[in-house]
Structures are given as C-alpha cells and as structure tokens.
Amino acid sequence: MVPFLRILGIETSCDETAAAVVERDAEGQSNVLSDVVLSQLDEHSAYGGVVPEIAARAHVEALDELIEEALKRANVSLNDVDAIAATSGPGLIGGLLVGLMTGKAIARAAGKPLYAINHLEGHALTARLTDGLSFPYLMLLVSGGHTQLILVRGVGQYERWGTTIDDALGEAFDKTAKLLGLPYPGGPAVERMARDGNPARFDFPRPLVGEARLDFSFSGLKTAVRQAAQDIAPLSDQDVADICASFQKAVSRTLKDRIGRGLLRFKTEFPATFPGTGPATGEKPALVVAGGVAANLELRGTLQALCDKNGFRFVAPPLHLCTDNAVMIAWAGLERMATGAAPDTLDVQPRSRWPLDSNAETLIGFGKRGAKA
C-alpha cells in the first residue's frame, strides 16, 4: 500500500509565482494544506503580454517568501514534507530556472528527494485531485500557450490526439483583445464585451471544422477579426462588442466540432468505459478542461452540452486550479511518488519545451530546446 505522503510544490513557469503544500493518503485522497499564488498581472499589463525578463526578476524577489508562507499556512516545516516538486518545463526559461534551482537548493539542504515536474502533467492530473477521476479520460488544455486534446491513460502515460498548428486559443483571445483596444489579459475582456454583442453580425471562419484530424487552428480566425475591424474603423463600442461576440461564437463552434470528434474517437477506442457496455463501474468517462480559457462561460456551456449529448462527464476544476498554480505541481509529484517513480537527480535541467507525448509528431516550433509542448 502507498504510504501517506506530503510534498512542497513550486511553480514559476510563466507570470505567477506559487508555492503549495499538499498531502495524499494511502487511499489516494488529497488534502491541500496551503496554496499561495502571487500574480504578476500589474507588472505585465502595460505591455499587453508577459515580458520574460520582468517575470524572472519577480520570481526571484518573491519565491522565498512565498515558500515560507506556504509552509506557515500548512503549519509544517521542511522536516515534515517528504519531497520537493518544482516545475521544470515547459515555460519561460528564466522563470523555470528560478523555481527549479530553488527546489534543488531546498532538496539538497533538507535532504529531500526532488521531482522535476512537467507543467502540463500538473494540468493533466489536477482532476484526479479535485474529482477523483479514474483513468482513462480526455483533457482539453486551453491556455495562452497551449491548445491540446490529450488522452490521459495513467500517470506518465499521455497521447496527444490534437494540437494547434499555429496560435494557441488563449493567444488568439489576447491578440484579438489587443487589436480591439481591450485590456490584458484578453480572455476575460473579450468575454465581457461579447455579452452585449451580436454574435451573428460577423461570419468568421471556423478553421479545420469538418476535418477528420483533431488539430486546431486559430491564426486564420485572428486574421479575419483584424480585417473586419479595419473594414469598419473607427470602431464604436457596439462594433467591438459585436466582433467579440462573433469571435467567441466562431471559437465555440470550432471547439464543438473538434472536441465532438474527439469524444467519438474515445467511444470507439474505449467502449467498455461506458456504463452498460462492459466492465464499467457506472461512472461516465470524463472530458476535463484546464487552462485559463476554461473560465469562459460560453465555451464551458458548449463543452457541457457536448458531453451531455455524448454520455460524458464534464469536469472543470475550480478556476484557481485551472490556471498556473503550485497545487497541481505538488499533486503531480505525489502521483509520481505513489507509482514508485524514482526522484530526479540534482543535475536535472529546465526545459522551455517539453511535450507530454514525446512520440507525437511535431507540427509547429522545433528548435534547439526541442519540440513545442
């Protein structure tokens, strides 16, 4: 039987500095003792996006105090934790260096094992912490840096069924917002404006809809938004609202097609996971959505309806666990420990690019640091 475990998690992959202490009991149940996140939104908002150098400097200034605060809130000391888990990639290399080097120093000084965690694995396993999901399940990761449909077979076992061939969905939201003069981050701003807009005014394209492949594309949609805005400039508030509503509708319909095809593939490959079709336990198979874009209510509604239609359970962890946080990093470390996985050595290096599925074909962005996630 897996013993009771407690771990300190550290997350610094982008523009949130975070630390957390999480427990896992012998039955696999979780207990979040502390969750501390410091957002850098104010530092980056003036630039319309994350500035890597500013992010890394902010991590250096804040991380030590955040770790102390996480331990204090959890009412534990370093002697009381069994291991250290730190994000090792993918992400901004400067931020990753800060978090991983800090994790290494603590592990060395306290004599604790170190687990270098893939940030995407943290997202992939969060639903097991919040909802106790069984394997396998599908995960849609939609954030500023990633748009992927992943089959989660088990801890360390991931198959990428679809990915973006150009922009991530969160990036498309941010760029659309910037084009329309809306504040950063773009996702919430576009959603707010869309509430008062006419989604039928502009017939924006829905890239890859109807194709058998499960990949995504948002570059053409973004270009169509720019052209529409230029054609009717100068824009009134109603024009902006209508563009946002039409953009959001196009995204919603695109996801409906892409994810709908993914659910049908899951049904074909795992028929026994559906109640009444084999050794199923009665629990519906799940579609998990994670990432900052998961907060969008229209997109959530589209995915919920899609799951209801196809006999799936729709799982969206609480928003604070969908965006970057250290709880998911700690939990991924606990899941790895529970499988008996060996800790990483202290010479492990951060990776700005680190696909969950190393066997998946590279569609975009391959450089010195490897394939994009």
Side-chain angles (χ1 to χ4, degrees), residues 49 123 138-150 161-211 213-229 235 239-263 287-310 314 316 319 322-323 363-364:
H123 281 302
L138 279 176
M139 177 188 69
L140 172 63
L141 177 59
V142 278
S143 67
H146 306 283
T147 300
Q148 299 183 12
L149 183 63
I150 301 287
W161 282 8
T163 187
T164 179
I165 63 174
D166 40 57
D167 293 340
L169 182 52
E171 182 182 1
F173 268 98
D174 285 340
K175 290 182 176 179
T176 294
K178 187 174 183 179
L179 170 70
L180 298 175
L182 299 176
Y184 176 84
V190 169
E191 183 177 17
R192 283 194 301 271
M193 292 299 296
R195 293 172 190 155
D196 298 320
N198 175 11
R201 180 176 173 187
F202 299 95
D203 186 19
F204 290 136
R206 298 156 192 184
L208 301 184
V209 165
E211 294 196 14
R213 64 194 288 193
L214 299 179
D215 295 318
F216 306 86
S217 172
F218 298 104
S219 180
L221 173 58
K222 181 187 65 181
T223 299
V225 169
R226 183 178 69 248
Q227 291 173 340
L235 302 177
D239 291 332
V240 172
D242 291 346
I243 290 175
C244 288
S246 300
F247 167 81
Q248 194 167 257
K249 179 182 178 181
V251 169
S252 178
R253 297 301 181 266
T254 299
L255 290 183
K256 181 179 180 180
D257 177 84
R258 306 284 76 211
I259 305 308
R261 292 174 183 272
L263 298 184
L287 171 69
V288 175
V289 62
V293 183
N296 185 289
L297 294 180
E298 178 169 339
L299 301 187
R300 281 195 182 213
T302 295
L303 296 174
Q304 178 70 69
L306 198 59
C307 286
D308 291 343
K309 179 180 177 181
N310 288 277
F314 177 64
L319 180 58
C322 282
T323 53
L363 298 184
I364 58 173

Could you grab the distance from atom [atom1] of [X] to atom [atom2] of [Y], nearest 0.5 Å is fine?
{"X": "Gln148", "Y": "His123", "atom1": "CD", "atom2": "NE2", "answer": "10.5 Å"}
{"X": "Asn310", "Y": "Leu287", "atom1": "CG", "atom2": "CG", "answer": "10.0 Å"}
{"X": "Gln248", "Y": "Leu297", "atom1": "CD", "atom2": "CG", "answer": "8.5 Å"}
{"X": "Ile150", "Y": "Leu140", "atom1": "CD1", "atom2": "CG", "answer": "9.5 Å"}
{"X": "Phe173", "Y": "Phe218", "atom1": "CZ", "atom2": "CZ", "answer": "8.5 Å"}
{"X": "Leu208", "Y": "Arg258", "atom1": "CG", "atom2": "CZ", "answer": "5.5 Å"}

* Counterpart residues, ring-ring contact (aromatic ring centres under 6.0 Å, His included), relative to Phe216 (two or more places apart) ->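 Applying ring-ring contact (aromatic ring centres under 6.0 Å, His included) to Phe216 gives none.
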
* Asked: Mind checking what makes ring-ring contact (aromatic ring centres under 6.0 Å, His included) contact with Phe202, not counting sequence neighbours?
  -> Phe204

* Asked: After noting the C-alpha distance and the side-chain angles of Leu303 and Ile259, does the key distance pass the side-chain contact (heavy atoms from CB on, under 4.5 Å) rule?
  -> CA-CA 8 Å; Leu303 296 174; Ile259 305 308; 4.0 Å; yes

* Asked: Can you tell me if Asp174 uses its side chain to pair, donor with acceptor, with the backbone of Pro185 under 3.5 Å?
  ->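 No, Asp174 side chain to Pro185 backbone: no donor-acceptor pair under 3.5 Å.
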
* To do: Could you tell me which residues satisfy side chain to side chain donor-acceptor pair (under 3.5 Å) with Gln304, sequence neighbours excluded, listed by chain and number?
  =>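 Once residues adjacent in sequence are excluded, the partners of Gln304 under the side chain to side chain donor-acceptor pair (under 3.5 Å) criterion are Asp308.
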
* Residues in side chain to side chain donor-acceptor pair (under 3.5 Å) contact with Asp257, at least two apart in sequence or another chain -> Arg261

Could you tell me which non-hydrogen atom of [X] sits nearest to which non-hydrogen atom of [Y], and how far apart they are?
{"X": "Gly291", "Y": "Ser143", "answer": "CA-CB, 4.2 Å"}
{"X": "Asp215", "Y": "Thr163", "answer": "OD1-N, 2.9 Å"}
{"X": "Ala229", "Y": "Leu180", "answer": "CB-CD2, 4.3 Å"}
{"X": "Ala294", "Y": "Cys322", "answer": "CB-SG, 4.2 Å"}
{"X": "Ser246", "Y": "Pro199", "answer": "OG-O, 3.3 Å"}
{"X": "Ala168", "Y": "Gly145", "answer": "CB-C, 3.6 Å"}

* Asked: Do you know which of Val289, Val251, Thr164, Leu149 makes side chain to side chain contact (heavy atoms under 4.5 Å, CB included) with Val142?
  -> Val289

Taking only residues two or more places apart in sequence or in another chain, which ones pass side-chain contact (heavy atoms from CB on, under 4.5 Å) with [X]?
{"X": "Arg226", "result": "Leu179, Thr223, Gln230"}
{"X": "Arg206", "result": "Asp203, Val209, Lys249, Ala250, Arg253, Thr254"}
{"X": "Ser252", "result": "Glu298, Leu299, Thr302"}

* Can you list the steps and then say if Leu182 with Cys244 is a side-chain contact (heavy atoms from CB on, under 4.5 Å)? -> CA-CA 10 Å; Leu182 299 176; Cys244 288; 3.8 Å; yes

* Asked: Hey, does Leu263 have a side-chain heavy atom less than 4.5 Å from the side chain of Leu138?
  ->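 Yes, side chains in contact.
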
* Asked: For Arg201, which residues count as a salt bridge (Lys or Arg N to Asp or Glu O under 4.0 Å) partner, sequence neighbours excluded?
  -> Asp239, Asp242

* To do: Apply salt bridge (Lys or Arg N to Asp or Glu O under 4.0 Å) to Lys256 and list each qualifying residue two or more places apart in sequence or on a separate chain.
  => none

* Pairs touching residues 185-196 that satisfy side chain to side chain donor-acceptor pair (under 3.5 Å), sequence neighbours left out ->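 Not a single pair qualifies under side chain to side chain donor-acceptor pair (under 3.5 Å).
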
* Ser217 and Asp166: CA distance, side-chain angles, deciding distance, side-chain hydrogen bond (donor to acceptor under 3.5 Å, both in side chains) verdict -> CA-CA 6 Å; Ser217 172; Asp166 40 57; 2.6 Å; yes

